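Just so it is clear, the structure is predicted and the values come from calculations on it, not from any experiment.
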Amino acid sequence: MSNRPLNEDEVLSEMNKMVAFIKQEALEKAREIKVKADEEFAIEKAKLVKQEQQAIDAQYEKKRKGAEVSQKIAQSTLTNKSRLKLLQQREEHLQDLFSTTRELIVDLSRDEARYVQFLEGVIVQGFLQLLEPEVIVHAREIDVEIVRRAANNAAEQYKEISGRTVNADVQGTLSNEIAGGVKLVSGSRRITLDNTLDERLRLLEDRMLPEIRNNLFGPNDNRKFYT
């Protein structure tokens, strides 16, 4: 191999080869960088798309659940309103029934023969419960005379049943606004028996209300037993 110095053409040729080599290396490196950048971009893009999709899905799920809750609340509200309306109608029906019953009770106090019979019955019952020689009988002011008559008859019946005597002090202390009946107070004033028509109707309403509801509206699964 000759050690002679390169001439100008050969130097130029070698320089062109070196430039071509460097350019080729630069192109390949540029391609590698571009490929890597494209891959990283694709990965980052996929990640962003996935995150955005997850955010959209989460937002949709939140809205869906919110819509379900709103629908359930609306349905529950409608059901409750319907139930309350039905209960209100039933209560009005019951109150109409009790109002009619009260009118019948008021009619009882206007029928003297039946009213005296009722008074005698409840006064005898009271005497037998108290078993005291002195009893105060509270009546409506408008009923004092008829109650005295009933109390005298009741005292005779009481003596026949128990062999005891009783002195009944009839007082017109009850309001004329009530339907009628009497209250009996023991001579010691420790015991009071409320035998007014109003109280008897109230007790009857309380005792019979579950059965009346069942007869009018059918059985209720929420009420397994009468109270």
Side-chain angles (χ1 to χ4, degrees), residues 1-106 177-179 194 198-227:
M1 184 175 180
S2 176
N3 290 326
R4 67 178 179 81
L6 298 175
N7 58 36
E8 186 176 345
D9 292 336
E10 289 174 339
V11 170
L12 184 60
S13 175
E14 289 297 325
M15 288 182 65
N16 288 335
K17 288 179 182 180
M18 291 178 64
V19 170
F21 176 78
I22 292 171
K23 186 183 291 186
Q24 183 64 31
E25 285 290 323
L27 290 173
E28 290 179 1
K29 192 65 177 177
R31 279 196 295 268
E32 289 178 4
I33 292 172
K34 185 177 182 305
V35 169
K36 187 174 182 180
D38 290 342
E39 289 177 353
E40 291 178 352
F41 174 76
I43 293 172
E44 189 64 25
K45 180 181 177 181
K47 186 187 297 183
L48 291 173
V49 170
K50 185 177 181 180
Q51 289 176 349
E52 188 65 24
Q53 185 63 47
Q54 288 175 341
I56 293 173
D57 291 344
Q59 188 176 11
Y60 169 79
E61 184 67 16
K62 183 179 180 180
K63 289 183 177 180
R64 185 185 67 80
K65 288 183 178 180
E68 287 181 354
V69 171
S70 298
Q71 184 178 7
K72 288 180 180 179
I73 291 174
Q75 185 175 359
S76 177
T77 301
L78 181 61
T79 301
N80 288 336
K81 284 184 179 179
S82 299
R83 185 180 292 114
L84 288 174
K85 185 176 181 180
L86 177 60
L87 290 175
Q88 182 179 1
Q89 290 175 343
R90 288 183 175 182
E91 186 63 25
E92 289 174 355
H93 188 75
L94 287 172
Q95 291 306 318
D96 288 342
L97 178 62
F98 292 143
S99 178
T100 301
T101 305
R102 179 175 174 79
E103 291 175 4
L104 294 174
I105 286 178
V106 172
E177 298 299 319
I178 67 172
D194 192 339
D198 305 74
E199 179 63 13
R200 285 189 163 240
L201 176 60
R202 187 190 68 77
L203 293 174
L204 181 64
E205 289 175 1
D206 291 343
R207 189 179 302 116
M208 297 297 296
L209 187 57
E211 186 174 346
I212 293 172
R213 278 199 178 103
N214 184 69
N215 291 336
L216 289 177
F217 311 121
N220 188 334
D221 292 336
N222 294 325
R223 295 188 183 95
K224 297 298 183 182
F225 305 100
Y226 288 159
T227 56

Can you list the steps and then say if Gln24 with Glu28 is a side-chain hydrogen bond (donor to acceptor under 3.5 Å, both in side chains)? CA-CA 6 Å; Gln24 183 64 31; Glu28 290 179 1; 3.2 Å; yes

Interatomic spacing from [atom1] in [X] to [atom2] in [Y] - rounded to 0.5 Å:
X      : Y      : atom1 : atom2 : answer
Glu40  : Ile33  : CD    : CD1   : 11.0 Å
Lys29  : Ile22  : NZ    : CD1   : 15.0 Å
Thr77  : Leu84  : OG1   : CG    : 10.5 Å
Leu27  : Arg31  : CG    : CZ    : 6.0 Å
Glu199 : Leu201 : CD    : CG    : 9.5 Å
Met18  : Glu14  : CE    : CD    : 8.5 Å

Steps toward side chain to side chain contact (heavy atoms under 4.5 Å, CB included) verdict (Lys62, Gln59): CA-CA 5 Å; Lys62 183 179 180 180; Gln59 188 176 11; 5.6 Å; no

I'd like to know whether Lys17 forms a side chain to side chain contact (heavy atoms under 4.5 Å, CB included) with Phe21, so could you lay out the CA-CA distance, the side-chain angles of the two residues, the decisive distance to 0.1 Å, and finally the verdict. CA-CA 6 Å; Lys17 288 179 182 180; Phe21 176 78; over 6 Å; no

[X] bridged to [Y] by N-O distance under 4.0 Å:
X      : Y      : value
Lys36  : Glu39  : no
Lys72  : Glu68  : no
Arg202 : Asp198 : no

Check this for me: Glu177, atom CD, are more than 12 non-hydrogen atoms of other residues, nucleotides or ligands nearer than 6.0 Å?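 No, the 6.0 Å shell around CD holds no more than 12 heavy atoms from other groups.
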
Does atom CD of Gln71 have more than 12 heavy-atom neighbours from other groups under 6.0 Å away?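 Atom CD in Gln71 is not crowded, with 12 or fewer foreign heavy atoms closer than 6.0 Å.
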
